[in-house]
There are 2 protein chains.
Amino acid sequence: MDGQGFDTPSDFDALKRLVVERRDTLPKRIAQAAAYMLDHPDEVAFGTAASLSASAGVQPSTLIRLAQLFGFDGFTSLQALFRHRMRGRNGSYEERLSGLRGEGGERAGNAAVLQGFLAASGKSLDSLEQSLDPAQIDRAVEMLARAETIYLLARRRSYPVANYLAYALSKLQVRNQIVDSSAGLSAETISFATPRDALLAVSFSPYTPQTIEEARLAAANGTPVVAITDSAFSPLAQVADVWFEVAEADFGGFRSLAATMALALTLAVGLAEARRRRPSLSGKE
Amino acid sequence: MDGQGFDTPSDFDALKRLVVERRDTLPKRIAQAAAYMLDHPDEVAFGTAASLSASAGVQPSTLIRLAQLFGFDGFTSLQALFRHRMRGRNGSYEERLSGLRGEGGERAGNAAVLQGFLAASGKSLDSLEQSLDPAQIDRAVEMLARAETIYLLARRRSYPVANYLAYALSKLQVRNQIVDSSAGLSAETISFATPRDALLAVSFSPYTPQTIEEARLAAANGTPVVAITDSAFSPLAQVADVWFEVAEADFGGFRSLAATMALALTLAVGLAEARRRRPSLSGKE
DNA sequence: CTTGAAATGAAACGGACGTTTCGTCTATTT
DNA sequence: AAATAGACGAAACGTCCGTTTCATTTCAAG
């Protein structure tokens with residue numbers, strides 16, 4: 001028993017919890033150092049006590065004291081936590097994907113195919129995370145939140161996105177209308193959209209002509225258009241008021257929908273939340 | 001000009017390529033050290049020249065020579081490549097997700113919502129990658145490859161999966177039939193399935209009763225059933241010949257479909273490939 | 001077999017590292 | 001206001017690091 005009243009953390013999360021919990025009882029400089037370490041875990045993993053203490057604006061000895069205060073032998077044992085955190089973490093999806101493509105060429109097992117799709121999906125997620133501008137989401141959410149009815153337009157490979165969106169929006173009690181071509185009436189359906197509504201269109205290269213055409217129609221009617229597509233040169237981007245560029249990686253000829261789905265759900269949840277906070281936004285009621 | 005005939009690598013991939021390319025012209029010990037480093041990149045990132053040289057079975061000076069041979073100043077610059085590889089790589093999706101849930105509680109920006117969905121999707125992918133048994137995929141692929149027609153059964157939140165599968169299978173020229181309830185004829189549709197066909201059913205808790213019922217119907221008819229669901233106790237798992245457990249993380253009440261989509265596409269591409277290799281499998285033609 | 005250059009092993013070296021020590025400062029208690 | 005214990009900064013210390021040096025071995029060419 002060391003009479004500290006707590007166990008010395010055995011992983012990064014435990015350390016984080018302990019620091020947050022005792023933040024107020026920590027000496028000033030120790031707290032300052034701890035805050036820096038939690039905010040820059042990567043630096044801690046690779047840096048030296050000297051370099052880190054300089055960055056954090058404290059003395060090297062403070063880091064030692066911090067470590068010992070939390071029950072570690074010294075800075076080195078504390079740093080081991082930060083290193084352990086990075087370890088085991090698999091290589092980036094980018095690497096894994098190129099690795100898969102290289103080897104074997106043809107006859108790869110089914111497990112490799114799964115690896116490929118998982119890697120492609122992960123890469124798409126990473127790419128979206130890095131490229132997206134938060135302000136753009138805000139604008140799109142704002143636009144959609146004002147709509148009476150949200151029209152959903154997507155065909156072929158993108159159709160599942162519209163489908164999931166319809167499900168999500170209905171769950172969130174947001175009036176929506178999927179523009180479906182199964183009855184051959186999609187042009188008529190889209191013609192019902194007014195400037196008080198909004199259109200959310202999804203299309204990737206090669207763009208389905210019908211989707212482009214109908215999005216153009218809606219835009220000409222004055223209906224706000226939010227587009228999810230794959231390039232600034234996409235014809236969909238030209239007619240949209242706000243558009244998102246999502247680079248979905250593909251594998252075996254089929255594109256992942258992971259990032260697109262995540263973005264679509266974000267818009268759905270975001271607009272529902274916006275309406276909840278400002279009920280005046282909602283077209284009806 | 002240093003007359004080396006190549007540029008010193010600026011990232012891990014470039015180094016890897018260079019080593020592979022010149023493997024045969026490398027001195028024995030240097031090659032030995034290089035092989036170790038490429039095989040244990042994490043060790044290199046964190047270790048010291050002394051510890052690594054011991055693990056690789058060479059002298060510390062060999063590592064320096066290796067580094068200088070490839071145009072680096074010394075071991076430290078070479079190591080920087082390995083560290084850079086780990087850097088920037090974000091924390092695990094697990095961490096990111098719990099981090100998002102913790103802070104703010106309510107009023108998180110739209111960007112945070114996207115982060116949440118991306119993290120949930122990524123976590124689902126990671127989880128599937130770790131948990132899945134390759135042999136199970138092979139069995140499912142084999143079963144599906146033998147089918148004349150593949151019936152696709154999914155409702156509500158899972159429906160987009162069936163939808164994308166229908167698209168993918170058709171593209172791959174695999175006969176398929178989505179069991180659609182929009183015309184109120186789903187029970188009739190599924191009754192067309194014979195033991196020479198196969199059913200691919202997708203359902204997550206709370207299971208849509210109709211999906212379970214119809215899957216049971218098909219199984220009773222002797223149609224092979226492959227299921228994608230979320231638990232060993234799922235009613236869908238009970239009636240399936242092969243079933244997959246996919247743990248999709250959710251965020252804001254909506255589950256990611258990323259892992260499910262990846263698995264579904266794997267089955268589609270896998271079965272198409274199996275038929276291509278053994279045309280006798282294909283029911284028709 | 002001789003020769004010479006490249007490769008390798010072993011040890012030495014300076015510098016930076018983590019840690020310890022110690023004197024000063026701060027803030028609370030009496 | 002004095003006493004005192006903890007917090008803190010600065011410098012000193014010993015260790016281990018990356019690197020260099022140099023002697024030895026290996027191997028191919030003549």
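Lettering follows sequence order; numbering is per chain, from 1. What you see is a predicted model, and the numbers here were worked out from it, not measured in a lab. Computation of the quantities below employed the complete heavy-atom set of this structure, encompassing side-chain atoms and omitting hydrogens, waters and symmetry-equivalent molecules.
- For the 3.5 Å distance criterion, the side chains of Q136(A) and R139(A) fail to qualify, holding no donor opposite an acceptor.
- Contact between the side-chain N/O atoms of Q68(B) and the OP1/OP2 oxygens of dT20(D) is found at a separation under 4.0 Å.
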Counting primed atoms, P, OP1 and OP2 as sugar-phosphate and everything else as base, the B/S/- map of nucleotides 4-9 of chain D against protein heavy atoms under 4.0 Å is ---SBB

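- By the side-chain contact (heavy atoms from CB on, under 4.5 Å) test, D11(B) is found to be paired with D13(B), A14(B), residues two or more places apart in sequence or in another chain being considered.
- Looking at residues two or more places apart in sequence or on another chain, you find a side-chain contact (heavy atoms from CB on, under 4.5 Å) between S53(A) and V58(A), P60(A), L63(A).
- Checking side-chain atoms of Q79(A) against main-chain N and O of V44(A) turns up a donor-acceptor pair under 3.5 Å.
- Between the CD1 atom of I64(B) and the P atom of dG9(C) there is a distance of 14 Å, given to the nearest Å.
- Not counting sequence neighbours, the partners of S61(A) by the side-chain contact (heavy atoms from CB on, under 4.5 Å) test are Q59(A), R65(A).
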Donor-acceptor pairs under 3.5 angstrom involving side-chain atoms of residues 71-78 of chain A: please list them, not counting sequence neighbours.
none

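- Not a single donor-acceptor pair under 3.5 Å links the side chain of D230(B) to the backbone N or O of F204(B).
- Ion pairing between D42(B) and R83(B) fails under the 4.0 Å rule for side-chain N and carboxylate O.
- Residues from residues 48-56 of chain B lying near DNA chain C, meaning a heavy-atom separation below 4.0 Å, are absent.
- Contacts of residues 72-81 of chain B with DNA chain C (heavy atom under 4.0 Å): none.
- Secondary-structure stems of DNA chain D, taken as three or more successive Watson-Crick or G-U wobble pairs (i with j, i+1 with j-1) under a 3.5 Å distance threshold, comprise C:1-30 with D:1-30.
- Residues forming a side-chain contact (heavy atoms from CB on, under 4.5 Å) with D138(B) (at least two apart in sequence, or on another chain): N110(A).
- For residues 37-67 of chain A, every residue pair satisfying the ring-ring contact (aromatic ring centres under 6.0 Å, His included) rule, not counting sequence neighbours, is listed here: Y36(A)-H40(A), F46(A)-F46(B).
- Distance alone, capped at 3.5 Å, is enough to place a donor-acceptor pair between the Q32(B) side chain and the A56(B) backbone.
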Anything under 3.5 Å between a donor and an acceptor, one on a side chain of residues 259-268 of chain A, the other on a protein residue two or more places apart or in another chain? List them.
unit_1, atom_1, unit_2, atom_2, d
T260(A), OG1, E248(A), OE2, 2.7
T266(A), OG1, A262(A), O, 2.7

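- Under the rule for a side chain to side chain donor-acceptor pair (under 3.5 Å), the partners of S51(B) that lie at least two apart in sequence or sit in another chain are T48(B).
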